[in-house]
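All remarks here apply to the structure that follows.
Proteins come first, then strands; the chains are lettered A, B, ... in the order of their sequence lines, and each starts at number 1. No hydrogens, no waters, no symmetry mates; every other heavy atom, side chains included, goes into these values.
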Number of protein chains: 2
Amino acid sequence: MSSAMNRRQPLSEPTLHRLPVYQRIAREMVRRNLVTTDSKTLSRHSGATPATVRRDLSGLGTLGTRGSGYELTRLISAIDDALGLNRVYDVVVVGMGNLGRALVGSSNFLIRGARLVGVYDSDPQVQGMEIAGLTVHDPAQGLVPAQIGVMCVPAAAAQEVTDMLVAANIHAIVNFSPQVVTYPVGTTVRYVDFSMELQILVYHLINGTGPFGGGVLRTLGFTPPSPRPS
Amino acid sequence: MSSAMNRRQPLSEPTLHRLPVYQRIAREMVRRNLVTTDSKTLSRHSGATPATVRRDLSGLGTLGTRGSGYELTRLISAIDDALGLNRVYDVVVVGMGNLGRALVGSSNFLIRGARLVGVYDSDPQVQGMEIAGLTVHDPAQGLVPAQIGVMCVPAAAAQEVTDMLVAANIHAIVNFSPQVVTYPVGTTVRYVDFSMELQILVYHLINGTGPFGGGVLRTLGFTPPSPRPS
DNA sequence: GGATGTGAAGTAGTTCACAGCC
DNA sequence: GGCTGTGAACTACTTCACATCC
């Protein structure tokens with residue numbers, strides 16, 4: 001039913017980042033027993049303009065109905081499809097401090113298709129504990145095969161853990177450490193940085209962007225790469 | 001010394017989101033006893049092109065030296081200045097589960113200028129505990145005055161807590177709950193969503209964007225607003 | 001020589017506005 | 001009537017390329 005690989009032109013980066021938002025809204029609507037929606041409603045809830053919503057969604061193939069709008073279940077599965085959420089991916093999480101536990105415990109972290117296959121911590125006190133149905137192991141002892149690695153370790157350990165992940169053939173990494181790490185070409189690292197959110201919010205607060213400046217808040221979060229420093 | 005308010009044209013959104021990245025890199029360099037850097041080096045570590053780095057930084061006033069580059073301390077304080085990090089802001093955090101604790105415990109969450117003034121949880125078991133030097137209180141009993149509110153509560157409580165924050169006159173909110181909330185015009189909400197990072201990573205993984213597609217990974221994280229649903 | 005800062009050119013993303021379909 | 005989907009216009013961002021200054 002769901003063939004993820006109908007070769008359309010790749011989604012633009014901004015579109016790619018709005019799709020999960022639309023999906024969340026659509027899921028919420030389903031929860032409220034709604035059946036359809038339209039670009040204007042999605043616009044109000046997402047902050048994108050109706051035209052942008054339509055442009056984004058039209059990139060997923062023909063899924064709206066002129067005159068009435070979008071069927072929610074169809075919309076949700078089309079976005080799943082576009083993002084590849086109908087495929088199964090194995091995820092390991094390294095670092096079982098508060099953040100690591102918060103992540104694996106959060107129902108929304110493991111999205112459709114993502115399967116938690118390993119949890120690690122270098123602290124012997126934590127090793128052996130059962131978290132999210134898995135036993136915590138020492139990452140230095142080797143990692144279970146996976147496609148995605150998540151790092152929730154202190155900044156000081158970030159580079160070392162990155163190297164471990166790369167050595168374990170895991171080339172897609174989400175880094176929650178406030179640390180720029182280096183990695184070989186062919187590896188992807190996404191940085192997630194809480195303090196950045198605060199910084200941006202403070203800026204908007206001072207400059208009146210966001211609340212004022214047009215009514216609708218529009219924000220983009222930038223996260224960096226870093227191929228091969230010296 | 002630091003006058004944040006030299007009225008330049010407001011920073012563009014993409015620039016605004018790269019500045020913290022440059023700053024992090026600069027801080028790391030200072031830690032390694034370096035004194036200056038240049039746009040090419042910042043480019044390598046940030047993933048932006050050298051031209052983009054220069055354009056971004058030139059917006060902060062004249063701070064580079066032709067022929068040699070940027071002095072790190074000057075660069076850091078210029079970014080602080082532009083983002084308003086030299087001003088003091090009061091922050092409250094609602095929700096002291098794993099995530100809330102991880103946040104207030106993380107040294108990088110409270111950036112320069114941000115001051116944690118209140119921590120809250122609706123669980124009586126948690127109330128009274130000392131976390132990050134503060135006693136946890138029941139948010140329903142009222143919140144201490146602050147400029148910024150951070151929500152680390154379950155999705156089901158997100159709307160209620162948003163209303164509390166707004167009632168307490170806190171109009172800048174960071175929402176870590178996977179829940180789209182509604183709020184009055186004049187309030188800013190930034191959504192931070194972990195699962196979104198995974199979704200985007202999965203997309204890049206499938207489509208070969210990022211690792212391939214040009215060598216350097218470039219990613220943008222989009223976070224939504226939502227003014228007034230029905 | 002070498003790196004910044006910036007007009008000018010190029011590219012990407014957004015918004016308009018309307019034809020097409022329900 | 002209403003709402004989608006999309007060429008065309010517009011706006012914003014990025015990149016080039018070079019004059020400028022150390």
Rounding to a whole Å, what distance do you find between [X]:[atom1] and [N]:[atom2]?
{"X": "A:L75", "N": "D:dC3", "atom1": "CG", "atom2": "C1'", "answer": "15 Å"}
{"X": "A:R54", "N": "D:dG2", "atom1": "CZ", "atom2": "C1'", "answer": "11 Å"}
{"X": "B:L57", "N": "D:dT15", "atom1": "CG", "atom2": "C1'", "answer": "16 Å"}
{"X": "A:K40", "N": "C:dT15", "atom1": "NZ", "atom2": "P", "answer": "16 Å"}
{"X": "A:D56", "N": "D:dT4", "atom1": "CG", "atom2": "C1'", "answer": "14 Å"}
{"X": "B:L11", "N": "D:dA12", "atom1": "CG", "atom2": "P", "answer": "15 Å"}
{"X": "A:L42", "N": "D:dC3", "atom1": "CG", "atom2": "P", "answer": "13 Å"}
{"X": "B:L72", "N": "C:dA3", "atom1": "CG", "atom2": "P", "answer": "15 Å"}

Worksheet entry | Carboxylate-amine/guanidinium proximity below 4.0 Å for B:E28 and B:R32 |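 So B:E28 pairs with B:R32 through a salt bridge.
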Counting just side-chain N and O atoms, does [X] come under 4.0 Å of either OP1 or OP2 of [N]?
{"X": "B:T52", "N": "D:dT15", "result": "yes"}
{"X": "B:Y70", "N": "D:dC22", "result": "no"}
{"X": "A:R18", "N": "C:dT14", "result": "yes"}

Fill in: Evaluation steps, side-chain hydrogen bond (donor to acceptor under 3.5 Å, both in side chains), between A:D80 and A:S77
CA-CA 5 Å; A:D80 268 352; A:S77 77; over 6 Å; no
For the side chain of [X], counting heavy atoms from C-beta on, which of [options] is nearest?
{"X": "A:R55", "options": "D:dG7, C:dC21, C:dT6", "result": "D:dG7"}
{"X": "A:A51", "options": "C:dC16, D:dC3, C:dG13", "result": "C:dC16"}
{"X": "A:R66", "options": "D:dT20, D:dC3, D:dA17", "result": "D:dC3"}
{"X": "A:S12", "options": "D:dT4, C:dG13, C:dG2", "result": "C:dG13"}
{"X": "B:D38", "options": "C:dA19, C:dG5, C:dA3", "result": "C:dA3"}

Discussion item. Once you measure the plane-to-plane angle for B:F194 and A:F176, does it fall in the parallel (<30°), tilted (30-60°) or perpendicular (>60°) bin?
Written reply: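 Because their plane-to-plane angle is over 60°, the rings of B:F194 and A:F176 count as perpendicular.
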Item to complete: For B:T36 and B:Y70, indicate whether the former's side chain and the latter's backbone hold a donor-acceptor pair under 3.5 Å.
Response: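 Not confirmed, B:T36 side chain does not pair with B:Y70 backbone.
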Worksheet item: When you match B:S68 and A:G69 each to their closest nucleotide on DNA chain D, which lands nearer the 5' end?
Response: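 So the residue in question is A:G69.
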Worksheet entry | Single hit among A:L99, A:V150, A:V117, A:I148 for side chain to side chain contact (heavy atoms under 4.5 Å, CB included) with A:V93 |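 In the set A:L99, A:V150, A:V117, A:I148, the residue that makes a side chain to side chain contact (heavy atoms under 4.5 Å, CB included) with A:V93 is A:V150.
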Discussion item. Under 4.0 Å, counting only non-hydrogen atoms across every strand here, what does A:S39 touch: a base, just sugar-phosphate, or nothing?
Written reply: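 Since only primed, P, OP1 and OP2 atoms lie under 4.0 Å of A:S39, the category is sugar-phosphate.
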Discussion item. Using a 4.0 Å heavy-atom cut-off, does B:L63 contact any base of the nucleic acid, only the sugar-phosphate backbone, or nothing at all?
Written reply: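 The answer is sugar-phosphate, as B:L63 gets under 4.0 Å only of primed atoms, P, OP1 or OP2.
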